[in-house]
Engineer: 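Below are the structure tokens for one structure; questions will follow.
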There are 2 protein chains.
Amino acid sequence: MDGKPYIARRPKRADGRRNYDAILAAARKAFETSGADASLEDIASQAGVAIGTLYRHFPTRASLVEAATRDGLENLVARAERLAAGPDPLDALTEWMREAVVHFSTFRGLVGILARSMYDEGTPSHAMCAAMHRSGADLLRAAQAAGRVRPDLTPEELFDLLSGAAWVREQAASGRDGSPRFLRLVLEGITIREDRPLPH
Amino acid sequence: MDGKPYIARRPKRADGRRNYDAILAAARKAFETSGADASLEDIASQAGVAIGTLYRHFPTRASLVEAATRDGLENLVARAERLAAGPDPLDALTEWMREAVVHFSTFRGLVGILARSMYDEGTPSHAMCAAMHRSGADLLRAAQAAGRVRPDLTPEELFDLLSGAAWVREQAASGRDGSPRFLRLVLEGITIREDRPLPH
DNA sequence: CCATCAACCTGAGGCAACCTCAGGATAATT
DNA sequence: AATTATCCTGAGGTTGCCTCAGGTTGATGG
């Protein structure tokens, strides 16, 4: 039990840091073209490094995925705070959801990993997912407090809708992309308008 | 180009038929416990058959998945016709969607395969997916004609929503299952009620 | 009952990817 | 310059995929 298991730290030796960065860059490229199950050996050789070195820095595939997506998801969390400061809570929520869907479907297979990490601590991405959960829950609560979103919607359901949309987008990555429409339909299902009260 | 490529037919020799059935049974079990990427060698040995025999009957993994899910999906198509004969088109559509979600998430990885097959002919499951597409489109059209579903919803969008729901269900297979709620939210987003007109 | 043969079965083996680990190299430190 | 913790390498064990040459067998007609 060492502090934060599976979370790769930036190494201190110069060559270590160099290789760490090279692997990460190669991984990002590979994930984007081949999905989350890209060959680790390819990534290593693309980074000009032996396979053992990759495993030294990233003991599991999940830890590599986590490192490759950390920045983007951190931005998403930061974005939530900025959006929350805006005037319209519903706009904030919908805009954030739109951006979240894009981030969740950065590459094929990512949503699945994130969805599992969300409720499974001990997963590299769990900490980040928990942070996003808080961000999403805050925006949701605000929109509900303003009476613009059905009050019975839970954060968990929000993320189900979100990841469903991201999955659809990820599937259709090449060709028809139904996700904007998907999200719009979902949003119309959960929002409240004066001329359109909740059923029941 | 031989008639129906990739579609495994029941063999005629007695031992062939026996093995075909044994493999199929083993595959169903394996898919259900390990997902669509279960080990084919495990399936073969579980069926008491050499690996080559499995490949003889099912040249690709996709063809095995197709055979393993054919019955269930055929039932779903038949169910659509029976439901269409009912009094309420909206009830028919929603009930069919509910059942479709269950079938699509029979095992982990199935929705992904079906979603790809839907618009990619030359895939073993494409024929079945096309049939389901027709069924769904018919039910949708009827519900729209009755003024109970927003008229701008396309069958493609319907299946996006459907497979999104199935994917969420598949993810949560063990533990919290958000799919009934997911579908309900989606349905409320696409249906029309007198006291709740479409926005814009 | 037998001969024939297409259909069927087997499992070794090549390939790719995963992951580990013993041994060697090297950057930082003193 | 010596020390040492950190880092790197790549061979090799393991698993799963898929093919194919060669052997076996169920069906068929005589």
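Below, chain A is the first sequence line, B the second, and so on; all start at residue 1. Keep in mind that the numbers below use all heavy atoms, side chains included, and drop hydrogens, waters and symmetry copies.
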Engineer: Between atom CG in A:Leu54 and atom P in D:dG10, what is the gap in whole Å?
Structural biologist: 14 Å

Engineer: Does CD belonging to B:Gln46 count more than 12 external heavy atoms closer than 6.0 Å?
Structural biologist: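 Counting other residues, nucleotides and ligands, CD of B:Gln46 stays at 12 neighbours or fewer.
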
Engineer: Report yes or no: do B:Asp120 and B:Thr123 form a side-chain donor-acceptor pair below 3.5 Å?
Structural biologist: yes

Engineer: Using atom names, set out every protein N or O paired with an N or O of nucleotides 3-6 of chain C below 3.5 Å, distance rounded to 0.1 Å.
Structural biologist:
none

Engineer: Please list, one pair per line, the donor and acceptor atoms closer than 3.5 Å that link side chains of residues 71-86 of chain A to other protein atoms, with sequence neighbours excluded.
Structural biologist:
from: A:Arg79; atom 1: NE; to: A:Glu99; atom 2: OE1; distance (Å): 2.9
from: A:Arg79; atom 1: NE; to: A:Glu99; atom 2: OE2; distance (Å): 3.0
from: A:Arg79; atom 1: NH2; to: A:Glu99; atom 2: OE2; distance (Å): 3.1

Engineer: Scan B:Ile51 against the nucleic acid and name what it touches under 4.0 Å (heavy atoms): base, sugar-phosphate only, or nothing.
Structural biologist: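 Base, at least one base heavy atom under 4.0 Å.
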
Engineer: Apply side chain to side chain donor-acceptor pair (under 3.5 Å) to A:Asp88 and list each qualifying residue two or more places apart in sequence or on a separate chain.
Structural biologist: none

Engineer: Do A:Leu24 and A:Phe58 touch side chain to side chain, with heavy atoms closer than 4.5 Å?
Structural biologist: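 Yes. Closest side-chain heavy atoms under 4.5 Å.
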
Engineer: As a test of reading the structure: which of D:dA27, D:dT9, D:dC17 is closest to the side chain of B:Arg61, going by heavy atoms?
Structural biologist: D:dC17

Engineer: Answer yes or no: does a side-chain N or O of A:Thr53 lie under 4.0 Å from OP1 or OP2 of D:dC7?
Structural biologist: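 The answer is no; no side-chain N or O of A:Thr53 sits under 4.0 Å from OP1 or OP2.
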
Engineer: Identify, with sequence neighbours excluded, every residue that meets salt bridge (charged side-chain N to carboxylate O under 4.0 Å, His left out) alongside A:Glu157.
Structural biologist: B:Arg181

Engineer: Quick one: CD on B:Glu66 to OG on B:Ser63, what's the gap to the nearest 0.5 Å?
Structural biologist: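 Here the interatomic distance stands at 8.0 Å.
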
Engineer: What is the bend of the helix from C:dC1-D:dG30 to C:dT30-D:dA1 when you compare the axis at one end with the axis at the other, using five pairs each and rounding to 10°?
Structural biologist: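 Its terminal axes enclose an angle near 0°.
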
Engineer: Could you state the atom-to-atom distance from CG of A:Leu64 to P of C:dC19 in whole Å?
Structural biologist: 11 Å

Engineer: Check this for me, if you would: do B:Glu32 and B:Arg108 make a salt bridge, where the nitrogen-to-carboxylate-oxygen distance has to be below 4.0 angstrom?
Structural biologist: no

Engineer: Please list every donor-acceptor pair under 3.5 Å in which a side-chain atom of residues 35-42 of chain A meets a protein atom from a residue at least two apart or in another chain.
Structural biologist:
from: A:Ser39; atom 1: OG; to: A:Glu41; atom 2: N; distance (Å): 3.3
from: A:Ser39; atom 1: OG; to: A:Asp42; atom 2: N; distance (Å): 3.1

Engineer: Consider the side chain of B:Tyr55, meaning its heavy atoms from C-beta on, and name the nucleotide among D:dT9, C:dC9, D:dT19 that approaches it most closely.
Structural biologist: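 Per side-chain heavy atoms of B:Tyr55, the pick is D:dT19.
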
Engineer: Which of residues 28-39 of chain B sit near DNA chain D, with a heavy atom under 4.0 Å from it?
Structural biologist: B:Ala38, B:Ser39

Engineer: With a cut-off of less than 4.0 Å, is there a side-chain N or O of B:Arg56 near OP1 or OP2 of C:dA7?
Structural biologist: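 No.
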
Engineer: Got a sec, which residues hit salt bridge (charged side-chain N to carboxylate O under 4.0 Å, His left out) with A:Arg18, two or more places apart in sequence or on another chain?
Structural biologist: none

Engineer: Between C1' on C:dA27 and NZ on A:Lys12, what's the gap in Å once rounded to a whole number?
Structural biologist: 13 Å

Engineer: C:dC8 C1' sits how many Å from B:Phe58 CZ, rounded?
Structural biologist: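 That distance rounds to 14 Å.
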
Engineer: Please enumerate all residues that pass salt bridge (charged side-chain N to carboxylate O under 4.0 Å, His left out) together with A:Arg116, with sequence neighbours excluded.
Structural biologist: none

Engineer: Suppose we screen for salt bridge (charged side-chain N to carboxylate O under 4.0 Å, His left out). Which residues come up paired with B:Arg98, at least two apart in sequence or across chains?
Structural biologist: B:Glu95

Engineer: Looking at every non-hydrogen atom in both residues, tell me the closest pair between B:Ser117 and B:Cys129 and how far apart they are.
Structural biologist: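 Result for this residue pair: CB-SG, 3.8 Å.
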
Engineer: Using heavy atoms and a sub-4.0 Å distance, could you list which residues of residues 15-23 of chain A are near DNA chain D? By number, please.
Structural biologist: A:Asp15, A:Gly16, A:Asn19

Engineer: Closer than 4.0 Å, any side-chain N/O of A:His57 to the OP1 or OP2 of D:dC7?
Structural biologist: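 Answer no for this pair, as no side-chain N or O of A:His57 is under 4.0 Å from OP1 or OP2.
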
Engineer: Measure from CG on B:Asp42 to P on D:dT14 and round the result to the nearest Å.
Structural biologist: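 Taking atom P of D:dT14 as the reference, CG of B:Asp42 is at 17 Å.
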
Engineer: Can you identify which nucleotide, out of C:dC19, D:dG16, D:dT19, has its nearest atom closest to the B:Glu41 side chain?
Structural biologist: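 The listed nucleotide nearest to B:Glu41's side chain is D:dG16.
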
Engineer: What pairs with A:His103 under side chain to side chain donor-acceptor pair (under 3.5 Å), at least two apart in sequence or on another chain?
Structural biologist: none

